[in-house]
Amino acid sequence: MTTNEPSRPRNFIRQIIDDDLAAGRHPGGIVTRFPPEPNGYLHIGHAKSICLNFGIARDYGGRCHLRMDDTNPSKEEQEYIESIQADVRWLGFDWGTHYYHAADYFDRLYEWAELLIRKGKAYVDDQTADQIRDTRGTLTEPGTPSPFRDRSVEENLDLFRRMRAGEFPDGSRVLRAKIDMAAPNVNLRDPVMYRIRRESHHRTGDAWLLYPMYDWAHGQSDAIEGITHSICTLEFEAHRPLYDWFLEQLELPHRPRQLEFARLNLTFTVMSKRMLNELVRERLVAGWDDPRLPTIAGLRRRGYTPESIREFADRIGVAKADSTVDMGLLETTIRDDLNTRVPRAMCVHQPLRVVLENFPEGEVREIEAPNFPDDPPKMGFRKVPFSRVVLIEREDFVEQPPKKFLRLSPGKEVRLRWGPVIRCDRVVQDEAGRVVELRCSLDPDTFTGPPRDGRKIGNAVHWVSEAHAVPVTLRLYDRLFTVPNPAARGEFKQHLNPGSLEILADARAERVVGQAKPGERYQFERRGYYFADPQDCRDGRLVFNRIVPLRDSWAKIVAKG
RNA sequence: UGGGGCGUAGCCAAGUUGGCAAGGCACGGGACUUUGGAUCCCGCCACCGCAGGUUCGAAUCCUGCCGCCCCAGCCA
């Protein structure tokens, strides 16, 4: 690229908007909307849409509305509305005063429905749901018209008003658009516009028992709000002719344009509301905000930042081809984000006692260590207490080291990060042969620099002073499923990863970590990025969620043999 | 032998009017390193779904074929 412009996400939708603008089509500016149905929690697929819609509004100096697509009283709940608002805000977007509900348009929609009836473009159908389905035809055969299709305008109006007044039982009649029962696009075979449902609506209460269908409500809602580009996912592409048809019949001055893009799929997880719902309901996860879930709430609880999710949305792009993004890309993105903004600290996950025999008992040496070694001034320093007994990671000691092993083993040396070089002199085992302690000696000249004799020390391992260690609980999260595409075939729950959560209750962190506030993040050196759980850090107990492990190239070498 | 979409490297994805294939991730190699982290270099043999055609020249235009996705809720 030879352009010096900061790379703006380019995609076919922005292309279309550019063209529209160039043609002078939107003098009032660009208006988009994010229209979730409040019947579940938002997930990262929604985040893609949110970033797209709000991102466009931001970049084109327009606005983006948040609209609850609440046309179905039986599935929607207040809890979801609140979570949706919280999630969009957390992602960093602001709808200003433009918060709406499709339900707020029920009156207008009703008036417009009467208008369609008067134009002879809609009729009341007395058939049962089964009859309607049976007469819709198939994908290859046309449907057959309802016997009620040609009622008079007067009769239709009368019936429709009585439907509204509650004279008929649920499901007994519907209002249908009169389009074409032989249309090759089945969505145009006289789609249902209204159904009767005696249910309280979370917003309109018992004011209505007539509820509009999505197709009838959506485009009109867009038109009412002055939406210029109504961006939705691919499965609505076949609905676009219907979307346009309603708008055309109503002869509204404002004509929003529907555009469709491919929804996000991610490997090793599921994104469908149904499956997510099942996992939560059956307690296979701890709730909608379980850190293993791809929900916004889950990612937030895990410790992901809104910046990383926005960056992820930019990296994956927007197109029309069905695609499944590698979970590794999300992980890389959060690592990149956290790398430069989170302080480092040491935390031993599974401690092994190391006694430094030539260091005086009772003496404590305060070591100054940079919080961000790549650029120390950026985050300053903290004091790390050092004493005769330290704890190191069990896996950093191996009695019979494989080739290329750079950590500790009998007779070998290793550096304690920011501390001295130590040599393993003796291994203490219990009756079962399990290593319980290492007796080591340190090289006092190496506290602040390399060995004077120039000998090379392979690696530095993290450690904590036993006497100063702060106990922490670590929750190591891993992918929720063991296969790349759990939703593919069969029962997705069969592929749940039994190791998706490992709890380490005996981890020990260095002193500074004891001051961590809920919601703070650290990079525990050589292990990964961690997040002090906002809810479970209580009564002085520290619980950290592993956001993502560090890249582990040693594991890769081992795996290759 | 319905309609609507989509097919560019293992995964995403740019490719405006045809001029002769961006970038990211992953992967491989190297440099550097008191995180086997980070960073920096280099590489990643692309029959642009396939086959024809038009053209001096096609991922881009034309024709035919193949594959995948969506649609037959009084769900959204």
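Lettering of chains follows the sequences in order, A, B, ..., and the numbering in each one begins at 1.
- Pairing for rC65(B) is with rG49(B), a Watson-Crick or G-U wobble pair whose two hydrogen-bonding atom distances lie under 3.5 Å.
- Donor-acceptor pairing under 3.5 Å, judged by distance alone, is present between the side chain of Arg344(A) and the base of rU35(B).
- The side chain of Glu525(A) lies closest to rU35(B) when the candidates are rG15(B), rC12(B), rU35(B).
- A donor and an acceptor atom, one from each side chain of Glu225(A) and His65(A), are located under 3.5 Å apart.
- With no hydrogens or angles considered, a side-chain donor-acceptor pair links His462(A) and Glu393(A) at under 3.5 Å.
- Comparing the same atom, C1', in rC66(B) and in rA51(B) gives a spacing of 10 Å after rounding to whole Å.
- Between the side chains of Tyr60(A) and Asp18(A), at least one donor N or O lies within less than 3.5 Å of an accepting N or O.
- At the heavy-atom level, Tyr529(A) lies nowhere under 4.0 Å from the strands shown.
- Looking at Glu167(A) and Arg173(A), no side-chain N of the basic residue comes within less than 4.0 Å of a carboxylate O on the acidic one, giving no salt bridge.
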Can you give one letter per nucleotide of nucleotides 68-76 of chain B, going 5' to 3': B for a protein heavy atom under 4.0 Å from the base, S for sugar-phosphate only, - for none?
-SSBBSBBB
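- Residue Leu406(A) is in base contact, counting any heavy-atom pair closer than 4.0 Å across all strands shown.
- When each of Lys320(A) and Asp552(A) is assigned the nucleotide of RNA chain B bearing its nearest heavy atom, the one mapping closer to the 5' terminus is Lys320(A).
- Residue-level contact check: Val461(A) touches neither bases nor backbone, having no heavy atom under 4.0 Å from any strand.
- Taking syn as a glycosidic angle within 90° of 0, rG5(B) does not qualify and is anti.
- As judged by a 4.0 angstrom heavy-atom cut-off over every strand, Arg551(A) is placed among residues touching the sugar-phosphate backbone only.
- One C1' atom belongs to rC44(B), the other to rU63(B), and the distance between them is 36 Å to the nearest Å.
- For the C1' atoms, the distance linking rA38(B) with rA31(B) amounts to 14 Å, nearest Å.
- Between Arg315(A) and rG24(B) there is no side-chain N or O to OP1 or OP2 distance below 4.0 Å.
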After noting the C-alpha distance and the side-chain angles of Asp20(A) and His229(A), does the key distance pass the side chain to side chain contact (heavy atoms under 4.5 Å, CB included) rule?
CA-CA 10 Å; Asp20(A) 285 346; His229(A) 300 269; 2.7 Å; yes
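- Only the P atoms considered, rU54(B) is 16 Å distant from rA59(B), to the nearest whole Å.
- Applying the Watson-Crick and G-U wobble criteria (two distances, each under 3.5 Å), rU35(B) pairs with nothing in any strand.
- Phe405(A) comes within contact range of at least one nucleobase, with a heavy-atom separation under 4.0 Å.
- Here, rG4(B) and rC20(B) have their C1' atoms 34 Å apart, quoted to the whole Å.
- Side-chain contact annotation: His218(A) with Arg33(A), donor-acceptor N/O pair under 3.5 Å present.
- The CG-P distance, from Leu188(A) to rG2(B), rounds to 18 Å in whole Å.
- Remark: the separation of the C1' atoms in rC42(B) and rC47(B) is 26 Å, to the nearest Å.
- Going from the C1' atom of rA21(B) to that of rC48(B) covers 7 Å, rounded to whole Å.
- A centroid separation of 6.0 Å or more is found between the aromatic rings of His239(A) and Tyr243(A).
- If you take atom P in rU60(B) and the same atom in rC27(B), they sit 33 Å apart, rounded to whole Å.
- Ring pair Phe386(A)/Trp463(A): centre-to-centre distance below 6.0 Å.
- Between Asn11(A) atom CG and rC6(B) atom P the separation is 15 Å, expressed in whole Å.
- With hydrogens and angles ignored, no donor-acceptor pair closer than 3.5 Å exists between the side chain of Arg526(A) and the base of rU35(B).
- In this structure, Asp443(A) does not pair ionically with Arg452(A), as no charged nitrogen and carboxylate oxygen lie closer than 4.0 Å.
- The partner of rU54(B) cannot be assigned: no Watson-Crick or G-U wobble pair with both contacts below 3.5 Å exists in any strand.
- Base contact: Gln523(A) has a heavy atom under 4.0 Å from a base atom.
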